[in-house]
Amino acid sequence: MPKAYDPKAVETPLFETWMAGGYFGQKPVPGGERPFTVAIPPPNVTGSLHMGHALNNTIQDVVVRRARMTGRPTRWVLGTDHAGIATQNKVEQKLAREGKSRHDVGREAFIERCWEWRREHGSTIIQQLKAMGCSCDYSDEWFTMDPSYQEAVRRVFVEWYDRGLIYRGKRIINWCPRCSTALSDIEVEHEDLDSHLWHFRYPLAETVGERDHVVVATTRPETMLGDTCVAVHPDDDRYHDIVGATVVLPLIGREIPVVADDYVDPSFGTGAVKVTPAHDPNDFEIAERHGCEKVNILNADATVSAEGGPYAGLERYEARRKVVADMEAAGLLLGTEDHVHAVGHCYRCHTVIEPWLSDQWFVDMKPLAAPAIEAARDGRVTFHPKRWETVYFHWMENIRDWCISRQLWWGHRIPVFYCDACGAPPVASMDDLTECPECGGPVRQDEDVLDTWFSSQLWPFATLGWPEQTAELGYFYPTSVLSTARDILFLWVARMIMSGMDFIDGKVPFDDVIIHPTVFNAEGRRMSKSLGTGIDPLDLMEHYGADGMRFGLMLQTTGNQDIKFAEEKLLSSSNFANKIWNASRFVLMNLDEGFEPGEPEAATVADAWILSRLTDLAAQVDEGIATYQFGEVARALYEFFWNEFCDWYIELSKPRLFAGAREDADEAEKAARLVSQRNLVFVLDTALRLLHPMMPFVTEEIWRRLPLAEGAGAPSLMVAAWPEPAGLARFRDEGAERSVGKMLEIVVAVRTVRARYKIAPKQAISVVVRTQAETDVQLLDAEFAYLNALAGIDSFVAATDANKPAHSVTVVAGGMEVYVPLEGLVDFEAERARIAKELAFAAEDLAKVERKLANEGFLAKAAPEVVAKERAKEAELADRVATLREQLDELGL
RNA sequence: GGGCGAUUAGCUCAGGGGGAGAGCGCUUCCUUCACACGGAAGAAGUCAGAGGUUCAAAUCCUCUAUCGCCCACCA
């Protein structure tokens with residue numbers, strides 16, 4: 001075994017053995033336990049691994065690997081998303097480099113280009129998941145444009161259409177002029193921008209009393225070209241007299257009415273609103289109520305349309321500047337105020353979106369949301385952390401219709417057919433129609449494709465073969481856990497719950513939803529490739545190994561906080577992998593030729609202690625993963641393995657191990673060595689199993705070298721038995737934990753004295769211990785070998801009536817007084833100062849405890865065990881204070 | 001305009017009604033037969049501030065401040 005763990009040498013070959021072993025695939029097993037299923041959030045085909053993926057897929061792999069080791073049939077379903085806008089943008093960019101647009105190549109050829117892109121780049125991220133060690137089912141990779149998936153999408157559309165849940169309408173939608181498509185409300189990102197509120201004077205066609213104009217305010221001056229009325233509040237006395245009057249729209253000359261509408265807030269601006277029905281959803285509603293025209297003044301590319309008269313053809317912001325300038329020139333600009341307002345941006349390309357009137361397809365969401373809300377209320381779906389359910393409820397209870405049509409080419413084409421000949425109502429069909437069912441005339445299919453999320457929402461069941469009633473669907477659905485980033489809670493998670501329940505017998509698609517922390521960079525900024533603030537997980541794996549990266553991420557994953565990425569945790573983790581490697585190397589190096597594995601045995605108090613600690617660890621890890629407390633699990637593993645197993649137990653094992661290996665060792669010593677070896681192997685074996693979900697590579701590499709008893713082995717650690725806490729419970733031993741705790745305290749105390757007085761490690765010392773308890777004396781006498789090995793104590797006296805030797809210092813440890821003779825070594829001045837300081841602290845603590853114990857309220861109301869603990873503390877502190885006083889007296893003279 | 005989260009050691013963060021914790025960094029010592037990617041010892045914190053509940057508050061409640069995030073059609 002090499003002296004240091006080398007992830008690069010180990011990971012790829014190991015992964016290949018996993019693939020070859022077929023441990024990833026899982027076929028339905030008739031009868032028996034419900035399987036554990038996870039559907040991966042499908043990465044975009046355009047994507048490559050980023051830190052969010054690294055974290056999320058580590059989380060999934062941890063829960064999946066644990067489940068698999070418990071023996072439960074386990075499957076992690078893998079695949080990628082066709083990512084309509086993102087992929088289309090990539091392919092368009094590529095075409096642009098050839099000097100072409102998608103219109104130059106045509107729809108069919110463009111779609112073929114997209115498939116080509118997918119063939120070239122689609123497996124990149126899959127390869128990266130493999131590098132991470134993710135145990136997905138690679139034998140069954142899905143894509144949201146697979147033929148059967150297309151059928152699923154179409155089935156959902158047709159059924160919802162036939163049930164009246166999908167409809168087409170002319171509405172204000174969010175339009176991205178760069179992507180040239182509609183977006184749903186949640187695909188728009190709002191950002192507060194510094195802008196202005198311009199006040200415009202609109203003249204009345206005829207004066208009303210004294211009044212010849214009305215003043216309106218706007219944040220988007222160019223929209224005035226499309227104004228078709230001015231609205232005021234019906235109860236607003238300032239404007240009572242002009243309701244019903246006519247305004248002449250400046251620059252355009254259109255005559256438009258003044259209407260009264262409740263929507264208007266009299267306290268904002270001037271209390272009079274210019275109404276642009278084609279470019280604002282509220283204005284649209286006002287226009288509907290009052291029967292006003294809807295004038296669309298923008299083209300798809302956000303230039304001004306022919307309706308904009310003299311401004312036609314101008315880019316939108318150019319038009320804005322010109323409108324303002326022209327209004328000012330006409331003396332109609334009354335003022336410009338600074339104003340901050342939220343501007344919507346496209347979530348894919350960050351272009352400012354335009355509210356735009358167009359024909360689109362929508363899903364009526366309220367009927368679908370109701371059962372999905374109920375499912376979260378009654379706990380059929382549980383969010384982790386729980387507070388996310390509030391966010392879910394808020395959105396679901398205020399859900400609005402979903403705009404699902406996109407003016408793209410790459411995606412699932414809307415399966416609706418129109419007959420222009422007879423005007424029959426449009427038909428949504430599972431088959432491509434060639435003729436009108438009514439008149440036999442030619443039909444044309446809707447040009448639009450569906451929102452990518454329309455197909456993503458079917459992921460948990462479409463990847464199991466639905467709409468076919470496959471064996472997989474019957475067996476693996478519903479899935480167990482969904483782990484994802486919070487920014488797709490609405491886009492994806494909520495919609496999966498709604499569509500899943502609607503199509504699969506009202507069953508929720510997963511029991512638990514993990515909303516993992518967002519990974520920010522060290523400066524607290526969002527990690528982003530375009531901003532150059534991202535860190536590439538592949539680089540991290542290069543430096544720290546896959547296990548180092550995974551464990552480092554797990555250490556940082558707690559339920560409540562986002563992660564400000566701390567790379568030093570990955571360094572600690574890769575060091576940890578090396579520590580595991582070397583501890584294992586030590587154990588293996590100290591096994592004999594023909595070593596016979598056997599049951600662990602608590603032959604010494606140290607054995608009993610480590611087995612008890614191991615039992616505690618198993619319970620913590622098992623429970624922790626089951627409840628998604630990844631950070632706590634990682635810390636427990638780290639602490640146990642490094643501090644308890646390596647720092648103490650291995651050191652405690654050395655005397656027995658080495659004594660039993662000497663030429664002249666007697667039978668008892670040889671037997672003790674064998675027991676020690678067996679215990680080391682057992683603890684290591686169990687710890688490796690517990691570590692495996694988080695650090696699959698290093699644990700597997702070592703584990704395969706362990707000589708295990710018949711029945712304890714497996715072809716791979718991946719499928720070895722999980723250490724069930726119940727099976728270890730017999731090893732719990734609180735007495736041993738207390739005893740070893742005392743011993744270790746004494747060792748530390750003596751070492752501290754050694755360090756303080758610079759006693760060379762090789763120089764043996766003798767120690768006298770005075771204790772109140774006869775059991776302490778017995779313990780120390782019995783385990784003297786440990787004190788010798790760990791603290792370099794060569795002679796030692798422990799007694800209830802021991803006397804302090806001359807020229808010695810005293811330390812209190814484990815409730816005992818430990819005297820270390822130090823003839824000629826003590827700097828008495830320094831020692832006095834140190835003791836005085838310690839005494840002051842101890843006296844203060846003691847006073848605090850005494851005050852507490854003098855408090856009748858405390859004695860009456862506190863739990864008895866708490867009071868007992870305080871009394872013990874008081875005794876200990878009193879003892880310490882007395883000891884320190886004595887010491888000071890001795891020195892003080 | 002609503003809502004959520006955070007504020008603990010120099011840095012990154014755990015914890016959470018009863019004696020302040022980790023990793024990194026820092027100081028000192030140690031190349032002893034698993035590991036210098038190591039070992040041993042150590043310094044370091046008014047747990048943001050103010051009130052309250054409680055026998056007891058870093059922990060629960062209220063308010064304040066600062067930072068971050070989400071939702072929202074006020075032109």
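Every chain is numbered from 1 and lettered A, B, ... according to where its sequence line falls, protein lines coming before strand lines.
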At 4.0 Å (heavy atoms only), tell me whether Asn855(A) reaches a base, stays on the sugar-phosphate, or touches nothing.
sugar-phosphate
Please report, rounded to the nearest Å, how far the P atom of rG23(B) is from the CD atom of Glu632(A).
17 Å
Which nucleotide in the list rC74(B), rG18(B), rG38(B) gets nearest to the side chain of Tyr263(A)?
rC74(B)
Strictly below 4.0 Å: does Lys654(A) bring a side-chain N or O up to OP1 or OP2 of rA34(B)?
yes
Find the distance Arg705(A):CZ to rA34(B):C1' and express it as a whole number of Å.
14 Å
Identify whether any heavy atom of Lys861(A) sits under 4.0 Å from a base atom; if not, whether one sits that close to sugar-phosphate; answer base, sugar-phosphate or nothing.
base
How is Glu856(A) classified with respect to the nucleic acid when contacts are heavy atoms under 4.0 Å: base, sugar-phosphate, or nothing?
nothing
Please work out if Ala863(A) contacts a base, only the sugar-phosphate, or nothing of the nucleic acid, heavy-atom cut-off 4.0 Å.
base
Under 4.0 angstrom, heavy atoms only, what part of the nucleic acid is Glu189(A) near: base, sugar-phosphate, or nothing?
nothing
Options rG19(B), rG5(B), rA40(B), nucleotide nearest the side-chain atoms of Arg387(A)
rG5(B)
For Lys758(A) and rA41(B), is the shortest distance between a side-chain N/O and OP1 or OP2 below 4.0 Å?
no
Output yes when at least one side-chain N/O atom of Lys873(A) is less than 4.0 Å from OP1 or OP2 of rG18(B), else no.
no
Under 4.0 Å: is that the gap between some side-chain N or O of Asn575(A) and OP1 or OP2 of rC35(B)?
no
So which nucleotide from rC37(B), rC74(B), rG18(B) ends up closest to the side chain of Lys852(A)?
rG18(B)
Nucleotide nearest Ala342(A) (side chain, heavy atoms from C-beta), chosen from rA72(B), rC71(B), rG18(B):
rA72(B)
Picking from rC71(B), rA36(B), rU12(B), which would you name as closest to the side chain of Lys564(A)?
rU12(B)
Should the ring pair Phe645(A) and Phe640(A) be called parallel, tilted or perpendicular, given that the plane angle runs from 0 to 90° and is split at 30 and 60?
parallel
